[in-house]
Amino acid sequence: FIFFTLILIAFISLQKYDKENLPSVLIGKYPPPLLLEKLGSYDLVSKTDLDSIKENKIRLVNFWASWCPPCRVEHPQLEELSELENVELYGVNYKDKKNSALNFLKEYGNPFLKIGTDQSGRNAIEWGVYGVPETFVIDEKGRVLFRHAGPITKETMKKKFHKFINK
């Protein structure tokens, strides 16, 4: 009886598990500072970019790489997000060759307000990044509201980002 009860509990738990919503210890907290290197002539993301601001804006921090096929898939959505008035989009280029990253931005366009490169991957570790692409939503007070692992698709924008963007 105990064995079947445990199996039933495990089965019910697996049914409720949302495999698309990976937890983050940063939710509700201030993110670690981004200590990045400059990428080409682009403006570098600094700690103050993610601090509290008075305006009614949210910040998105997107970890990406030129060698990442899903990053190419999400790029049109990043372009769309970057054009919204209440969104500031910051990029973190993850473990990439600088020339490859610069060529990627030249070919696909640069949706980021500011950008930096994380050659060692240390920033990604401190933010708890599983892999690229990964995007964090930061509120006006500088706290992490939400984390999305994987590419931002049109469907993801409607389902998950809509509530943060349309305030």
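Here the structure is a predicted model, which means the values were calculated and not measured. Side chains are part of it too, since the values below use all heavy atoms of this structure and drop only hydrogens, waters and symmetry mates.
Leu50 contributes atom CG, which lies 11.5 Å from atom CG of Asp139 (distance to the nearest 0.5 angstrom). Here the NZ atom belonging to Lys38 is positioned 12.5 Å from the OG1 atom belonging to Thr117, to the nearest 0.5 angstrom. Atom CD of residue Gln119 and atom CG of residue Asn93 lie 7.0 Å apart, to the nearest 0.5 angstrom. To the nearest 0.5 Å, atom OG1 of residue Thr135 and atom NZ of residue Lys160 are 11.0 Å apart. To the nearest 0.5 Å, atoms CG (Leu34) and CZ (Arg122) are separated by 13.0 Å. Put simply, CG on Asp43 and CG on Leu113 are 7.5 Å apart, with the number rounded to the nearest 0.5 Å.
In the hydrophobic clustering, where aliphatic and aromatic side chains (Ile, Leu, Val, Met, Phe, Trp, Tyr) are joined below 4.5 Å either directly or transitively, Ile125 stands alone. Listed by chain and number, the hydrophobic cluster partners of Leu6 are Ile2, where partners are ILVMFWY side chains within reach of under 4.5 Å, directly or through others.
Judged purely by distance below 3.5 Å, without hydrogens or angles, the side chains of Glu74 and Asn62 pair a donor atom with an acceptor atom. With 3.5 Å as the limit, one finds no donor-acceptor pair spanning the side chains of Thr153 and Glu155.
Residues Leu102 and Leu39 form a side-chain contact, since some pair of their non-hydrogen atoms from C-beta on lies under 4.5 Å apart. For the pair Leu145 and Phe164, the minimum side-chain heavy-atom distance is below 4.5 Å. Within the 4.5 Å cutoff, the side chain of Pro31 has no heavy atoms near those of the Phe136 side chain. Side-chain atoms of Ile165 and Asn86, non-hydrogen and from C-beta on, do get closer than 4.5 Å to each other.
The main-chain N or O of Ile152 is found under 3.5 Å from a side-chain atom of Gln77 such that the two form a donor-acceptor pair. At least one donor-acceptor pair closer than 3.5 Å links the side chain of Trp67 to the backbone N or O of Lys95. With Asp118 contributing its side chain and Ala124 its backbone, the two residues share a donor-acceptor pair below 3.5 Å. Within the 3.5 Å criterion, the main-chain N or O of Ile138 finds no donor-acceptor partner in the side chain of Arg143. Side chain of His148 to main chain of Pro151: a donor-acceptor pair is present (N/O by atom type, distance under 3.5 Å, no hydrogens or angles).
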Show, in sequence, the C-alpha distance, side-chain angles and deciding distance for Val137 and Val144, and conclude whether the side chain to side chain contact (heavy atoms under 4.5 Å, CB included) test is met. CA-CA 6 Å; Val137 178; Val144 176; over 6 Å; no
Apply the test side chain to side chain contact (heavy atoms under 4.5 Å, CB included) to residues Leu60 and Tyr90: give CA-CA distance (whole Å), side-chain angles for both, the deciding distance (0.1 Å), then the verdict. CA-CA 6 Å; Leu60 301 178; Tyr90 298 98; over 6 Å; no
Test Trp64 against Tyr94 for side chain to side chain contact (heavy atoms under 4.5 Å, CB included), laying out the working first. CA-CA 6 Å; Trp64 66 279; Tyr94 174 73; over 6 Å; no
Show, in sequence, the C-alpha distance, side-chain angles and deciding distance for Leu35 and Asn123, and conclude whether the side chain to side chain contact (heavy atoms under 4.5 Å, CB included) test is met. CA-CA 7 Å; Leu35 305 172; Asn123 291 276; 4.1 Å; yes
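In plain terms, the two heavy atoms of Val132 and Cys68 that are nearest each other are O-SG, 3.6 Å. Residues Leu26 and Trp127 come closest through the heavy atom pair CD1-O, 3.5 Å. Residues Tyr130 and Glu134 approach most closely at N-OE1, 3.0 Å, considering heavy atoms. For the residue pair Asp96 and Ala101, the shortest heavy atom distance occurs at OD2-CB, 3.8 Å.
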N/O donor to acceptor pairs below 3.5 angstrom from side-chain atoms of residues 103-112, sequence neighbours left out:
| residue | atom | partner | partner atom | Å |
| --- | --- | --- | --- | --- |
| Asn103 | ND2 | Asn99 | O | 3.2 |
| Tyr108 | OH | Arg72 | NH1 | 3.0 |
| Asn110 | OD1 | Phe112 | N | 3.0 |

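Salt-bridge check for Lys114 with Asp49: passed, with a basic side-chain N closer than 4.0 Å to an acidic carboxylate O. Taking a cutoff of 4.0 Å between a charged side-chain nitrogen and a carboxylate oxygen, Lys57 and Glu140 do not qualify as a salt bridge. Lys47 has a carboxylate O that lies under 4.0 Å from a charged side-chain N of Asp51, or vice versa, which qualifies the two as a salt bridge.
Cluster annotation: Val73 and Leu78 are assigned to distinct hydrophobic clusters (Ile/Leu/Val/Met/Phe/Trp/Tyr, side-chain heavy-atom contacts under 4.5 Å, transitive).
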